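Within every chain, numbering begins at 1; the chains are lettered A, B, ... in the order of the sequence lines, protein sequences first and strands thereafter. Here the structure is a predicted model, which means the values were calculated and not measured.
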Number of protein chains: 2
Amino acid sequence: MAIQPRNTKQKEAIRSVFTEAGRPLSHDEALTLSQEIVDGLSIATIYRNINVLVEEKWLSPVEIPGDTTRYEIAGKEHHHHFQCNTCGKLFDLQGCGIEWKAKLPKGFRTTGHEFFVYGLCSTCS
Amino acid sequence: MAIQPRNTKQKEAIRSVFTEAGRPLSHDEALTLSQEIVDGLSIATIYRNINVLVEEKWLSPVEIPGDTTRYEIAGKEHHHHFQCNTCGKLFDLQGCGIEWKAKLPKGFRTTGHEFFVYGLCSTCS
DNA sequence: ATCGTTGCAAACTCTTTGCAGGATT
DNA sequence: AATCCTGCAAAGAGTTTGCAACGAT
């Protein structure tokens, strides 16, 4: 028989911080925000719940260069991200908005692309 | 007094694998290739020498999403990279070749961008 | 009462560092 | 001979896992 998930305050807190953040969060960001709701919530619980939420396709991992993976609510349409050089926070960019014409080496085939913009967010400007 | 660097066969082997690879290498790739030249060369020596070569600006780190940092010989002009979905190897793309027009949120400033193409290399096609 | 979930601590992986022996100058 | 560098093993950081206690059903 399939497991019967239970609603714990920790789980609920974790889902709510992603819903309210409006941007992708790291494990540490999710921990800090969740602990404001449930005191003593542990980092292991963050890792476990994020992994479950990714398997359930409620969250999607956002892998970025040179920094830990962020997670965002799944199901958004194709888009890219902006990272602030100062605070490190990740933000969504609207739409894809990219055209590229790089020459591939012979015999290479393309399946997708990723794009990141760097700069200063409005708070750090 | 500044330290007087010495030429060891390990250092020479590490520099040669980057010179001959023609693409950015991970620590593990550099280890495997270097051990074909100097038997028993240790992973600590790889880490130490890569760090030194980066400080000397002979190598540049190439940070990529969701995978360990690669290193390439420094001084190339602005370019981006292709990663093979199957073997994970990273390859250079010629020129930048990107135009983008994503809308930034209000008050955000841009300082740079990164771009990655994914697909299959000629060996894995 | 059952059994899914949590917090803690131990285990793992990746990277860095201390140290004694070995190699280069 | 002096001292830089290497290999080994231990130490750190980030992530996962085992386990006993807790808590939702």
Open item on the list: So that I can tick it off, tell me whether A:R23 and A:E29 are bridged by a salt bridge, with the cut-off set at under 4.0 angstrom between side-chain N and carboxylate O.
Closed with: yes
Open item on the list: In this structure, how many angstroms lie between the P atom of C:dT16 and the CG atom of B:L31, rounded?
Closed with: 14 Å
- [ ] Looking at every strand, decide which applies to B:K9 at a 4.0 Å heavy-atom threshold: base, sugar-phosphate, or nothing.
- [x] nothing
TODO: Report which part of the nucleic acid A:I43 touches: base, sugar-phosphate, or nothing (heavy-atom distance under 4.0 Å, all strands).
DONE: nothing
Open item on the list: Return the CG to CZ distance between A:L104 and A:R109, rounded to the nearest 0.5 Å.
Closed with: 11.5 Å
Task: B:K103, NZ: over 12 other non-hydrogen atoms inside 6.0 angstrom - done: no
Open item on the list: Over all strands shown, is B:D28 touching base, sugar-phosphate only, or nothing at heavy-atom distances under 4.0 angstrom?
Closed with: nothing
Task: Nearest atoms (heavy-atom pairs only) where B:Y118 meets A:E114 - done: CE1-CG, 3.8 Å
Open item on the list: Under 4.0 Å between a side-chain nitrogen and a carboxylate oxygen: does that hold for B:R70 and B:E63?
Closed with: no
TODO: Would you kindly give the CD1-to-C1' distance between A:I50 and D:dG14, to the nearest whole Å?
DONE: 13 Å
TODO: Starting at atom CD of A:Q35, determine the distance to atom P of C:dT6, rounded to an integer number of angstrom.
DONE: 14 Å
Open item on the list: Whether A:T8 contacts D:dG23 is assessed here as follows: a side-chain N or O lying under 4.0 Å from the phosphate OP1 or OP2. Is that the case?
Closed with: no
Task: Phosphate OP1/OP2 of D:dG23: any A:Q10 side-chain N/O under 4.0 Å - done: no
- [ ] Would you mind telling me which residue lines up with the more 5' stretch of DNA chain C, B:A44 or B:P5, judged by nearest nucleotide?
- [x] B:A44
TODO: Report the nucleotide, chosen from C:dG7, D:dG7, D:dC5, that has the shortest atom-to-atom distance to any side-chain atom of B:T45.
DONE: D:dG7
Task: Interatomic distance, A:D39 CG vs C:dG7 P [rounded to whole Å] - done: 10 Å
Open item on the list: Both B:Q4 and B:S42 contact DNA chain D. Which one's nearest nucleotide lies toward the 5' end?
Closed with: B:Q4
- [ ] Calculate the interatomic distance between A:I46 atom CD1 and C:dT5 atom C1'; express it in whole Å.
- [x] 14 Å
Open item on the list: Whole angstroms only, please: what is the NZ-P distance between B:K11 and C:dT24?
Closed with: 11 Å
- [ ] Can you tell me the distance, in whole Å, between the CG atom of B:L41 and the C1' atom of D:dC8?
- [x] 13 Å
- [ ] Among D:dT3, C:dT2, D:dT16, find the nucleotide with the atom closest to the side chain of B:R6.
- [x] D:dT3
Task: N or O in side chain of A:N49 less than 4.0 angstrom from C:dT5 OP1/OP2 - done: no
Open item on the list: Nearest whole Å is fine: how far is D:dT3 P from B:N7 CG?
Closed with: 19 Å
Open item on the list: Base of C:dG18, side chain of B:R48 - is there a donor-acceptor contact under 3.5 Å?
Closed with: yes
